[in-house]
Amino acid sequence: MDNPGSKAHVVIVGGGFAGLACARKLAKSDDVSVTLIDRHNYHQFQPLLYQLATAVLGTGDVATSIRQSLRGHANVDVKMLEVTAANPRTRTVTTREGETYQGDYLVLAAGSQPNFFGTAGAEENAFPLYSLEHAQRLRSRILAVFEEADRNPKLCHQGALNFVVVGGGPTGTEIAGTLADLINGTMTVEYPDLAVQYARVHLVDYAPALLGSFPVQAHDYAAQALQQKGVQLRMGIAVKEVAPDHVLLSDGTSIQTRTAIWAGGLMASPLAAGAGLPRGHGGRIDVRPDLTAEGFPGVYALGDFANIPGPDGQPLPQLGSVAQQCGEWTAKNILAEIAGGTRTPFHYHDKGIMAMIGRNAAVAAFGKKRHELDGPIAFAAWLGVHALLMSGVRERIEVFINWAWIYFGGSRASPVLDRSDATHIAWAEGTKGETVIAPPAVRTAR
């Protein structure tokens with residue numbers, strides 16, 4: 001389905017940070033028409049998915065309508081379709097529904113998928129945390145195990161309230177800390193008859209320290225903050241298997257659990273494999289400094305879908321700020337070409353790296369030398385930077401109100417179990433004979 005007319009036509013695949021930022025900038029130009037294709041009709045704010053999973057925020061706080069974000073721009077057409085193939089030579093994409101779209105420029109920002117690194121059982125049994133659906137499913141599983149244990153406290157002996165987080169990067173660290181806050185601050189009130197104090201959060205990572213890309217001081221701060229919240233760290237240990245009722249570690253330990261949370265890494269979405277473009281680490285498309293694919297000057301790859309070279313030649317991290325800035329830069333390059341100019345290399349404005357570890361606990365590193373901040377100051381910086389990444393003023397205000405209510409009022413979003421498909425839990429008896437971690441469980445008096 002070509003877009004007729006004299007304007008240059010830009011086809012954008014993906015409505016994440018990169019694709020949406022590119023579309024919004026192009027939308028202000030009268031020289032282009034834009035077709036933005038995404039299999040969802042919403043933009044998900046990925047840095048806050050862990051807060052949705054732990055009932056800190058609601059779905060509406062982390063997902064916004066793509067059409068609403070682009071409302072008022074007649075030169076932008078949004079299509080809710082799933083792109084299954086891309087031909088960089090003709091700058092054409094094909095959807096699962098059998099439709100094709102061709103542009104003068106093709107922007108591939110199709111995002112990522114979990115990378116399970118071949119870990120046995122992980123894809124089938126773990127709960128990844130990289131999409132809105134993942135977060136909704138995980139939230140329902142977390143709430144479901146508490147409901148099951150409340151009906152039958154003996155299930156706690158079988159790991160009902162054990163939660164295993166796989167991965168010690170920002171995603172794993174953030175979900176572990178916030179899950180511990182949920183257990184300590186909300187579940188003790190929601191389930192007064194259940195021995196919630198025996199719930200355990202385990203964080204496992206093959207790396208020797210948390211937050212490997214942060215300064216050493218941040219590693220120590222994050223570990224101390226998590227341990228103060230009751231999170232048990234198992235660093236330098238790999239996960240060998242994720243089963244329905246346990247996680248097996250490389251040291252032979254088996255942790256009984258029905259909720260293994262996968263925060264172990266990302267790879268490019270399946271579209272990258274069949275696009276016929278050069279791929280590198282994580283299966284992502286390797287791009288030139290101007291964000292175009294080698295040999296295809298009209299084809300751009302952005303965000304988590306691409307390996308974007310930094311000043312040192314190494315790929316930039318998969319961050320929302322990187323994706324957003326490269327989306328805007330791509331629009332700038334496309335408009336420059338249309339006007340008869342030339343493309344320029346992408347220059348990333350590094351706003352730092354940061355991770356929230358729970359209530360009033362965060363780490364941040366700024367500048368080339370990665371000056372480290374932690375505690376309440378880093379917590380405030382985290383709030384500010386992430387609010388700026390949000391697509392609209394309304395979303396920023398609403399989320400700030402929710403954060404303020406939680407922080408000063410000590411409450412959180414209502415833990416509503418709204419995904420029946422994620423609540424069925426098979427409770428198995430017995431173990432394989434490995435060393436087993438399973439906390440005791442008793443009833444507490446009102």
Side-chain angles (χ1 to χ4, degrees), residues 47-59 61-62 127 129 135-136 138-150 153 156 160-165 170-203 210 221-233 257-259 261 263 355-363 374-376 378-380 382-383 386 398-418 439-446:
L48 293 183
L49 291 177
Y50 76 94
Q51 294 197 16
L52 172 60
T54 51
V56 174
L57 298 174
T59 300
D61 296 318
V62 299
F127 288 77
L129 189 54
Q136 291 172 324
L138 175 56
R139 179 184 61 188
S140 289
R141 170 51 68 99
I142 292 169
L143 299 178
V145 296
F146 276 94
E147 292 290 350
E148 293 275 1
D150 184 62
C156 294
L161 300 184
N162 271 347
F163 301 91
V164 178
V165 178
T171 300
T173 301
E174 289 177 331
I175 185 63
T178 312
L179 180 55
D181 284 345
L182 172 69
I183 292 169
N184 299 328
T186 297
M187 295 313 194
T188 53
V189 177
E190 292 285 319
Y191 302 94
D193 291 339
L194 183 63
V196 175
Q197 69 269 26
Y198 290 113
R200 295 289 182 268
V201 179
H202 303 262
L203 190 153
L210 297 170
Y221 174 84
Q224 183 179 15
L226 288 179
Q227 288 170 332
Q228 287 176 346
K229 294 175 182 292
V231 177
Q232 299 185 7
L233 303 180
T257 181
R258 271 66 175 183
T259 314
I261 303 170
M356 185 188 285
I357 312 171
R359 179 180 170 85
N360 212 28
V363 292
D374 56 47
F379 180 84
W382 188 98
L383 296 180
H386 284 77
E398 288 183 349
V399 170
F400 262 119
I401 290 173
N402 284 338
W403 278 333
W405 184 260
I406 293 163
Y407 186 78
F408 294 108
S411 63
R412 61 178 62 226
S414 178
V416 176
L417 184 57
D418 59 356
V442 296
R443 279 278 181 176
T444 57
R446 282 186 182 273

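Hydrogens, waters and symmetry mates play no part in the numbers below; they use all other heavy atoms, side chains included.
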Exercise. In Å and rounded to the nearest 0.5 Å, what is the CG to CG distance from Leu138 to Leu179?
Worked result: 8.0 Å
Problem set entry | Taking every non-hydrogen atom, the tightest pair across Thr173 and Ala222 | CG2-CB, 4.4 Å
Exercise. Would you find a donor on one side and an acceptor on the other, under 3.5 Å apart, between the side chain of Asp150 and the backbone of Leu194?
Worked result: no
Exercise. How far apart are the closest heavy atoms of Ala160 and Val145, and which atoms are they?
Worked result: O-CB, 3.5 Å
Exercise. Of the non-hydrogen atoms in Leu161 and Cys156, which two are nearest, and what is the gap between them?
Worked result: CD1-SG, 3.8 Å
Exercise. How long is the gap from OG1 on Thr59 to CG on Leu49, to the nearest 0.5 Å?
Worked result: 10.0 Å
For this session: Might you point out which heavy atoms bring Ala263 and Thr171 nearest each other, and give the distance in Å?
Result: CB-CG2, 3.8 Å
Problem set entry | Interatomic distance, Gln197 atom CD to Ile183 atom CD1 [nearest 0.5 angstrom] | 11.5 Å
For this session: Test side chain to side chain contact (heavy atoms under 4.5 Å, CB included) on Phe146 and Glu190 and set out the steps.
Result: CA-CA 10 Å; Phe146 276 94; Glu190 292 285 319; over 6 Å; no
For this session: Take Leu203 and Leu210 through the test side chain to side chain contact (heavy atoms under 4.5 Å, CB included) and record every step on the way to the result.
Result: CA-CA 10 Å; Leu203 190 153; Leu210 297 170; 3.6 Å; yes
Problem set entry | Least distance between heavy atoms, Ala225 atom then Ile357 atom | CB-CG2, 4.2 Å
Exercise. Rounded to the nearest 0.5 Å, what separation is found between the CG atom of Leu143 and the CD atom of Glu148?
Worked result: 12.0 Å
Seminar exercise, completed: For Val62 and Leu48, the nearest pair of non-hydrogen atoms, with its separation, is CG1-CB, 3.5 Å
Exercise. If only atom types and distance count, is the side chain of Glu174 paired as donor or acceptor with the main-chain N or O of Met356 below 3.5 Å?
Worked result: yes
Exercise. When rounded to the nearest 0.5 angstrom, what is the spacing between CZ in Phe163 and NE2 in His202?
Worked result: 10.0 Å
Exercise. Tell me, do Asp61 and Leu52 make a side-chain contact under 4.5 Å, heavy atoms counted?
Worked result: no
Problem set entry | Validation row: Leu182, Arg139 side chains within 4.5 angstrom (heavy atoms) | no
Exercise. In Å, rounded to the nearest 0.5 Å, how long is the span from CG of Leu129 to OH of Tyr50?
Worked result: 10.0 Å
